[in-house]
Amino acid sequence: MKKIITLLILMVLLIPSIFAKDGLSVGGSLDVDMGSNKDTIASGSLNVEYKPIDVFSLGFKLTGKTDFSESLTATPAIFARLYPFGGAFLEGSMGGNILWKGNVINLNNLVAGAALGWRITSGKSYIEPKVNLEYIFGAPEPYSWSAGVGAGYTF
């Protein structure tokens with residue numbers, strides 16, 4: 001009985017935050033990505049973020065990178081963000097790489113990332129200039145960084 005009451009109290013506390021001003025956000029970004037030993041490539045992401053309280057959020061993102069000639073990389077990842085003050089945020093993420101090169105698909109690399117950015121809101125819309133740092137475990141060129149801007153909508 002205690003578990004049911006605890007679950008009901010938790011639902012009563014969390015359900016209103018889904019529909020609150022900062023409850024659920026959907027967005028995307030365009031970035032310029034530079035690996036440790038490779039040329040600049042284009043990258044972008046689509047993300048869904050749930051922010052139950054003002055200073056913390058959880059989410060899922062799908063990042064894609066391409067050099068427009070021979071390879072395409074997709075990285076599904078989960079992330080957590082801290083908003084220490086104003087619109088500034090610190091993000092940590094963990095996911096895995098899916099690499100298409102020619103007709104070969106590789107699914108073997110774990111990816112950890114960090115980002116620093118600023119969310120600028122206008123009504124329910126936002127833009128986010130940000131810088132990302134990424135480490136790809138087991139890759140010959142493990143470090144990657146990118147800079148870009150994101151935009152989205154908060155429900």
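Below, each value reflects all heavy atoms present in this structure, side chains not excepted, and no hydrogens, waters or symmetry copies. For clarity, every value in this text was computed on a predicted model and none was experimentally measured.
Among residues two or more places apart in sequence or in another chain, the side-chain contact (heavy atoms from CB on, under 4.5 Å) test is passed with L30 by none. Legend: residues meeting side-chain contact (heavy atoms from CB on, under 4.5 Å) with I120, ordered by chain and number and at least two apart, are W118, I127, P129. Under the side-chain contact (heavy atoms from CB on, under 4.5 Å) criterion, N109 pairs with N97, I136, A139, sequence neighbours left out. Residues satisfying the side-chain contact (heavy atoms from CB on, under 4.5 Å) criterion with S125, sequence neighbours excluded, are Y153. With sequence neighbours left out, the side chain to side chain donor-acceptor pair (under 3.5 Å) criterion links S146 to N132. By the ring-ring contact (aromatic ring centres under 6.0 Å, His included) test, F56 pairs with no residue at all, sequence neighbours left out.
The two residues L58 and A80 come nearest to each other via the heavy atoms CD2-CB, 3.9 Å. Contact between S144 and D33 at its shortest, heavy atoms only, is OG-OD1, 2.8 Å. Heavy-atom minimum distance, N47 versus F79: CB-CE2, 4.1 Å. Among all heavy-atom pairs drawn from T154 and S25, the shortest one is OG1-OG, 3.1 Å. Between P52 and S57, the closest heavy-atom pair is CD-CA, 4.4 Å. In terms of heavy atoms, G148 sits closest to D31 at CA-OD1, 3.2 Å.
L99 forms part of no hydrophobic cluster, judged by ILVMFWY side-chain heavy-atom separations under 4.5 Å. Clustering of Ile, Leu, Val, Met, Phe, Trp and Tyr side chains at separations under 4.5 Å places L116 together with L90.
In this structure, I105 and I98 have side chains that are in contact, with non-hydrogen atoms separated by less than 4.5 Å. Between Y143 and Y135 there is a side-chain heavy-atom pair separated by less than 4.5 Å.
Applying the salt bridge (Lys or Arg N to Asp or Glu O under 4.0 Å) test to every pair with at least one member in residues 129-138, sequence neighbours left out, gives these pairs: K65-E134. Sorted by first and then second residue, the pairs that involve residues 92-105 and meet salt bridge (Lys or Arg N to Asp or Glu O under 4.0 Å), not counting sequence neighbours, are E70-K101. Residue pairs that meet the salt bridge (Lys or Arg N to Asp or Glu O under 4.0 Å) test with at least one member in residues 145-155, sequence neighbours left out, do not exist here.
Residue I41 holds its CD1 atom at 9.5 Å from CE of M34, rounded to the nearest 0.5 Å. If you take OG1 on T121 and OH on Y126, they are separated by 11.0 Å, rounding to the nearest 0.5 Å.
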For residues 81-89, which side-chain N or O atoms pair as donor and acceptor with protein atoms under 3.5 Å away, sequence neighbours left out?
from: R81; atom 1: NE; to: E91; atom 2: OE1; distance (Å): 2.7
from: R81; atom 1: NH1; to: Y83; atom 2: OH; distance (Å): 3.2
from: R81; atom 1: NH1; to: E128; atom 2: OE2; distance (Å): 2.8
from: R81; atom 1: NH2; to: E91; atom 2: OE1; distance (Å): 3.1
from: R81; atom 1: NH2; to: E128; atom 2: OE1; distance (Å): 3.3
from: Y83; atom 1: OH; to: E49; atom 2: OE2; distance (Å): 2.8

